[in-house]
**Student:** 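Structure in structure tokens, see below.
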Amino acid sequence: YKNIFLGPGSGACIESLIHTVSNNKTNIVSSFPCFPMYFIYSDCHNSNFKRVEYDNNNVFSIEKMMSKIDEETSLVILANPNSPYGDFKSKKELYDICRFTKEKGIILLIDEAYVDFAPGDCLELARMFDNILISRTFSKGWGAAGIRIGYLIGNEKIIELISKVQQAYPISGPSLKFAKFLLENKEVFEKYSKRTVLERNKVCKILNETGKYDVLNSNTNFIHIHSTEGSNENMRKILEDSDIAFKFGAIVPGDPRKTWVRLSIGPDMTSLSFFKDLL
């Protein structure tokens, strides 16, 4: 357990990490757009936040990120799968930045909030490099955002440092008991995650084949959709009339339209009436 840091959600764990490495002379490098709390926590703890933006496509450049790292960098954050576009980097693709940050004495945080829907994880890299931390949560694939438990995995010396700035009694007994229950029944979660991935790919395939929609698939439990012609108002109306939760007004790199729909995916979505209305 010396290699694990528990906190009230992965966001709180990340804040404790940022608190540990920050002062008014440091900077934190991260992909952008990103989980907003990365730059909010950086600002709260007086660290400069350096954005590494996508180019005109939805593929994030690791080389570009490495070029932004300098002598004042104390932390590099990369979500994998990334958010909000769901792009994924293999261990091979991340090896160079792991080695580079290791040589520079910089912590690299790989945020695996959506790893339950991805084709792999980076735990092996955390074993190979003692500067790598992995963050995870029960909020996504496990469906338990309400218990507010997240954790970091990594070198015990770094974990010990982070532990010194955590809140007193950050996790409740009922939350821990529920997390233990989930772990003891992980086959249910694993089945759900696999079914979600299959349905995500099925939804994208069907919508693409209609010729009516542009679809950006991902390695998470959400996708981006836009009508090939005109605005997305008809899709928006169908989703609203069906009481489907979604995000409207998303932007995709390299695409001038600012009315993309970001839609979360779950098992058997193609059998629901709203999906038939879209078709």
**Student:** Counting heavy atoms not belonging to Phe181, are there more than 12 under 6.0 Å from its CZ?
**Tutor:**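 No, because the 6.0 Å sphere around CZ of Phe181 holds 12 heavy atoms or fewer from other groups.
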**Student:** Might you point out which heavy atoms bring Ser135 and Leu152 nearest each other, and give the distance in Å?
**Tutor:** CB-CD2, 3.5 Å
**Student:** Look at the aromatic rings of Phe117 and Tyr114 and report parallel, tilted or perpendicular, splitting at 30° and 60°.
**Tutor:** tilted
**Student:** Between Phe5 and Cys13, is there a side-chain heavy-atom distance shorter than 4.5 Å?
**Tutor:**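 Result yes, sub-4.5 Å side-chain heavy-atom pair found.
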**Student:** Does Glu184 have more than 12 heavy atoms from other residues, nucleotides or ligands lying within 6.0 Å of its CD?
**Tutor:**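 Correct, the count exceeds 12.
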**Student:** Donor-acceptor pair, distance only, cut-off 3.5 Å: does the side chain of Ser218 make one with the backbone of Tyr85?
**Tutor:** no
**Student:** Salt bridge or not between Glu190 and Lys194? Use side-chain N to carboxylate O under 4.0 Å.
**Tutor:** no
**Student:** What's the separation between atom CD in Glu53 and atom NZ in Lys68, rounded to the nearest 0.5 Å?
**Tutor:** 8.5 Å
**Student:** Would a distance-only check, ignoring hydrogens and angles, find a side-chain to backbone donor-acceptor pair under 3.5 Å from Asp111 to Leu78?
**Tutor:**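 Not confirmed, Asp111 side chain does not pair with Leu78 backbone.
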**Student:** Under a 3.5 Å threshold, yes or no: a donor from one side chain and an acceptor from the other, between Asn221 and Thr196?
**Tutor:** no
**Student:** Side chain to side chain contact (heavy atoms under 4.5 Å, CB included) with Leu17: which of Leu75, Ile28, Ile159, Val165?
**Tutor:** Leu75
**Student:** Are Glu199 and Arg195 close enough for a salt bridge, meaning some N to O gap below 4.0 Å?
**Tutor:**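 Result for this pair is no, no salt bridge flagged.
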**Student:** For Asn27, is there any backbone N or O sitting under 3.5 Å from a side-chain donor or acceptor partner on Lys50?
**Tutor:** no
**Student:** CZ of Phe35 to OG of Ser83: how many Å apart, nearest 0.5 Å?
**Tutor:**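 Nearest 0.5 Å value for the CZ-OG distance: 9.0 Å.
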**Student:** Indicate if Val252 and Leu207 have the same hydrophobic cluster label, given that clusters are the connected sets of ILVMFWY residues with side-chain heavy-atom separations under 4.5 angstrom.
**Tutor:**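 No, it is not one cluster - the side chains of Val252 and Leu207 are not joined through contacts under 4.5 Å.
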**Student:** Show the nearest heavy-atom pair for residues Ile106 and Thr73, with the distance to one decimal.
**Tutor:**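 Closest approach of Ile106 to Thr73: CG1-O, 3.5 Å.
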**Student:** Apply side-chain contact (heavy atoms from CB on, under 4.5 Å) to Asp130 and Lys102, showing your working.
**Tutor:** CA-CA 8 Å; Asp130 61 10; Lys102 163 69 176 174; 2.7 Å; yes
**Student:** Check whether any side-chain N or O of Asn201 sits under 3.5 Å from a backbone N or O of Cys204 as a donor-acceptor pair, and report yes or no.
**Tutor:** no
**Student:** Is there a path of hydrophobic side-chain contacts, each under 4.5 Å between heavy atoms, that joins Ile244 and Leu279?
**Tutor:**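 In one cluster with Ile244: Leu279, yes.
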**Student:** I want to check something: taking the side chain as every heavy atom from C-beta on, are Met269 and Lys202 in contact at a cut-off of under 4.5 Å?
**Tutor:** no
**Student:** Distance from Tyr38 atom OH to Ser31 atom OG, nearest 0.5 Å?
**Tutor:**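 It comes to 7.0 Å.
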**Student:** Would you say Glu187 has more than 12 foreign heavy atoms packed within less than 6.0 Å of its CD?
**Tutor:**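 Correct, the count exceeds 12.
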**Student:** Which is it for Asn58 and His224 under the side-chain contact (heavy atoms from CB on, under 4.5 Å) test, yes or no, and what are the steps along the way?
**Tutor:** CA-CA 11 Å; Asn58 61 309; His224 286 74; over 6 Å; no
**Student:** Can you get from Ile18 to Leu133 by hopping between Ile, Leu, Val, Met, Phe, Trp and Tyr side chains that sit under 4.5 Å apart?
**Tutor:** yes
**Student:** State whether a side-chain donor-acceptor pair under 3.5 Å links Thr26 with Ser47.
**Tutor:** yes
**Student:** Hey, what do you get for NZ (Lys212) to CD1 (Ile225), rounding to the nearest 0.5 Å?
**Tutor:**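 It comes to 12.0 Å.
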**Student:** Hydrophobic clusters here meaning ILVMFWY residues chained together by side-chain heavy-atom distances under 4.5 Å, can you tell me if Ile158 and Met128 are in one?
**Tutor:** no
**Student:** What distance do Thr259 atom OG1 and Met235 atom CE have between them, rounded to the nearest 0.5 Å?
**Tutor:**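 Taking OG1 in Thr259 and CE in Met235, the distance rounds to 9.0 Å.
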**Student:** Could you pull out the closest heavy-atom pair between Asp116 and Ser193, with the gap in Å?
**Tutor:** O-CB, 3.5 Å
**Student:** So does Thr228 get a backbone contact from the side chain of Asp214, meaning a donor-acceptor N/O pair under 3.5 Å?
**Tutor:** no
**Student:** Decide yes or no on side-chain contact (heavy atoms from CB on, under 4.5 Å) for Lys104 and Glu71, but give the supporting numbers first.
**Tutor:** CA-CA 8 Å; Lys104 296 283 187 181; Glu71 296 301 318; 4.1 Å; yes
**Student:** Any link between Tyr95 and Ile107 through a network of hydrophobic side chains (Ile, Leu, Val, Met, Phe, Trp, Tyr) touching at under 4.5 Å?
**Tutor:**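 No, Tyr95 does not connect to Ile107 through the hydrophobic network.
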**Student:** Atom OG1 in Thr210, atom CG in Leu278: separation rounded to 0.5 Å?
**Tutor:** 9.0 Å
**Student:** Is Glu233 salt-bridged to Arg236, cutoff N-O under 4.0 Å?
**Tutor:**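 Looking at Glu233 and Arg236, the cut-off is met.
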**Student:** Describe, in one word, how the ring planes of Phe248 and Phe246 are oriented to each other, choosing from parallel (under 30°), tilted (30 to 60°) and perpendicular (over 60°).
**Tutor:** perpendicular
**Student:** With a 3.5 Å distance limit and no angle check, can you tell me whether Thr101 reaches the backbone of Cys98 through a side-chain donor-acceptor pair?
**Tutor:**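 Indeed, once roles are kept as given, a pair shorter than 3.5 Å links the two residues.
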**Student:** Hey, does the side chain of Tyr192 reach the backbone of Gly143 with a donor-acceptor pair shorter than 3.5 angstrom?
**Tutor:** no
**Student:** Would a 4.5 Å heavy-atom cut-off, applied to side chains only, mark Asp87 and Val59 as touching?
**Tutor:**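 They are not in contact (no side-chain heavy atoms under 4.5 Å apart), so the answer is no.
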**Student:** Measuring only between side-chain heavy atoms, which start at C-beta, is Asp55 closer than 4.5 Å to Lys64?
**Tutor:** yes
**Student:** Between Ser242 and Phe274, what is the shortest heavy-atom contact and its length?
**Tutor:** OG-CB, 3.4 Å
**Student:** How about Leu183 and Trp142: do any of their side-chain heavy atoms sit closer than 4.5 Å?
**Tutor:**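 Answer yes - side chains close enough.
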**Student:** Would you indicate whether the side-chain heavy atoms of Lys247 and Phe222 approach each other to under 4.5 Å?
**Tutor:** no
**Student:** Ignoring hydrogens and geometry beyond distance, is a side-chain donor-acceptor pair present between Asn232 and Ser227 at under 3.5 Å?
**Tutor:** no
**Student:** Under the side-chain contact (heavy atoms from CB on, under 4.5 Å) rule, what do Lys177 and Ser172 come out as? Steps first, then yes or no, please.
**Tutor:** CA-CA 9 Å; Lys177 188 171 183 178; Ser172 70; over 6 Å; no
**Student:** Could you report the tightest heavy-atom contact between Ala126 and Ile132, atom names first, then the distance?
**Tutor:** CA-CB, 3.9 Å
**Student:** Would you say the side-chain atoms of Lys91 pair up with the backbone N or O of Gly120, donor to acceptor, closer than 3.5 Å?
**Tutor:**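 Looks like no, no N/O pair under 3.5 Å.
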**Student:** What about the rings of Tyr41 and Phe49, do their centers lie closer together than 6.0 Å?
**Tutor:**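 For Tyr41 and Phe49, the ring centres are not under 6.0 Å apart.
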**Student:** Please check if the side chain of Arg200 supplies one atom and the backbone of Thr220 the other of a donor-acceptor pair under 3.5 Å.
**Tutor:**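 Judged by distance alone, yes, a pair lies under 3.5 Å.
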**Student:** Taking the side chain as every heavy atom from C-beta outward, state whether Asp121 and Arg136 have any pair of such atoms under 4.5 Å apart.
**Tutor:**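 They are in side-chain contact.
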**Student:** Would you find more than 12 non-hydrogen atoms of other residues, nucleotides or ligands less than 6.0 Å from Phe178 atom CZ?
**Tutor:**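 No, CZ of Phe178 has 12 or fewer neighbouring heavy atoms, counting only those of other groups under 6.0 Å.
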**Student:** Do side-chain atoms of Ser10 reach the backbone of Gly150 as a donor and acceptor pair under 3.5 angstrom?
**Tutor:** no
**Student:** Would you call the rings of Phe138 and Tyr151 parallel, tilted or perpendicular if under 30° counts as parallel and over 60° as perpendicular?
**Tutor:**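 If you compare the ring of Phe138 with that of Tyr151, the planes turn out tilted.
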**Student:** Please report the closest heavy-atom contact between Leu94 and Asn80, naming both atoms and the distance.
**Tutor:** CD1-ND2, 3.8 Å
